[in-house]
Amino acid sequence: MYALDEETNSFEEMLINNNLSVLREEVHILQLNIGKKCNQHCAHCHVDAGPERFESMNRSTMERVLVLLARSPNIHTVDITGGAPELNPNFKYLVKEITALKRQVIDRCNLTVLYELGQEYTASFLAQNKVQIMTSLPCYLKENVNQQRGEGTFNKSITALQMLNRLGYGCKDPDLVLNLVYNPLGAELPPDQTILELEYKNKLKETYGIEFNRLFTITNIPIKRFATSLQREGKLRKYIQMLREHFNPETIHKLMCRDTLSVSWDGRLYDCDFNQALEIPLRDDNNNVWKIEDFRLKDTEVIVGEHCFGCTAGVGSSCGGVLI
Ligand code: SF4
Ligand code: SF4
């Protein structure tokens with residue numbers, strides 16, 4: 001699978017030229033990638049997830065994560081991702097234990113997984129535990145969603161959003177937060193997040209009666225499956241050049257890698273989910289859950305690469321939308 005060539009990495013040079021560095025602050029968000037198995041096989045997937053993948057965080061690694069989390073009051077949110085995290089057989093155990101530690105849980109749910117065999121009660125389980133749902137819907141038009149996420153995905157996603165609304169998500173209950181994520185279909189920057197959110201709210205409400213809380217726009221990071229498809233179309237270098245030309249120094253102090261720590265299915269630690277996908281471990285030698293005593297990292301330098309131009313272009317991008 002395509003990954004960026006380090007020789008062409010000019011992100012560090014850009015930081016030096018602007019007298020900037022990316023240093024970690026206290027960790028506030030723990031992002032757990034609990035497996036690469038997914039019921040979908042999306043064209044833009046940056047973790048190369050799919051039905052054929054088998055990697056999955058086991059119970060003992062989860063138990064270790066929970067011990068470390070209990071010792072780390074600095075962390076207020078645990079963001080669970082994958083793959084489709086719900087397909088991990090210990091997903092519900094993990095959610096319940098994190099909730100018992102009084103931390104907010106986010107489930108990055110692809111919606112269609114809620115209709116997989118064995119997932120019949122997952123939506124109500126999420127509601128009972130007040131888990132925030134963050135889900136991808138790259139367009140409110142059927143053709144565009146199916147193109148990026150697979151045939152039949154749009155209809156299932158709409159039905160799932162309606163079902164989540166019936167449970168109180170995104171509308172009636174302020175504790176049941178339903179956020180949508182938008183990423184561009186092609187090699188361009190996302191449009192204005194506030195304007196697009198309004199457009200989504202109007203279209204989804206008018207056409208399908210769907211409500212949600214926030215829409216977050218995310219820039220496609222040029223790695224893995226997305227980079228491979230751009231390379232195939234001869235657009236990869238042009239896309240990276242475009243990101244580089246839109247470098248915005250004001251995004252640096254808000255980068256998500258400053259206060260987020262990413263843990264992989266096998267317990268290794270990374271600065272972010274993208275570095276994890278590229279297998280670029282944390283600079284610290286103690287870079288897995290068995291070597292540390294809590295999640296209090298501070299002042300270590302984030303390892304950056306050319307892919308980081310995806311987070312610093314224009315108004316910036318993170319797993320929680322724009323940066324500025
Ligand atoms: S649903 Fe998410 S994890 Fe699954 S293939 Fe699509 S982008 Fe990847
Ligand atoms: S890809 Fe983004 S979040 Fe990850 S290290 Fe680079 S700038 Fe930070």
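In each ligand, atom 1 is the first atom listed, and ligand 1 is the first ligand listed.
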Review point. Is Asp175 atom CG crowded by more than 12 heavy atoms from other residues, nucleotides or ligands, each under 6.0 Å away?
Key: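 More than 12 within 6.0 Å, yes.
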
Check your understanding: At distances under 2.8 Å, what protein N, O or S atoms surround atom 8 (Fe) of ligand 2?
Key ->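 Short answer, with waters excluded from the count: Cys257 SG.
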
Check your understanding: How far is atom 1 (S) of ligand 2 from its nearest protein heavy atom, and which residue and atom is that?
Key ->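 Here the nearest protein heavy atom works out to His307 CD2, 3.5 Å.
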
Just so I know, are the side chains of [X] and [Y] near enough to count as touching, which here means a heavy-atom distance under 4.5 Å?
| X | Y | answer |
| --- | --- | --- |
| Leu32 | Leu94 | yes |
| Asn248 | Thr312 | no |
| Ile303 | Val22 | no |

Give a yes or no on whether a salt bridge exists between [X] and [Y], defined as a side-chain N under 4.0 angstrom from a carboxylate O.
| X | Y | result |
| --- | --- | --- |
| Arg24 | Asp271 | yes |
| Arg108 | Asp79 | yes |
| Glu306 | Arg237 | yes |

Point to revise | Contact check, Gly83 vs ligand 1, heavy-atom distance below 4.0 Å | key: yes

Practice item. Indicate the atoms forming the closest heavy-atom contact of Ser56 with Asn88, along with that distance. Key: OG-ND2, 3.2 Å

Check your understanding: So which heavy atom on Phe226 is nearest to which on Ala187, and how close?
Key -> CZ-CA, 4.4 Å

Check your understanding: Between Arg59 and Asn90, is there a donor-acceptor pair closer than 3.5 Å when you use the side chain of the first and the backbone of the second?
Key -> no

Point to revise | Count, waters excluded, of protein N, O or S atoms under 2.8 Å from atom 6 (Fe) of ligand 1 | key: 1

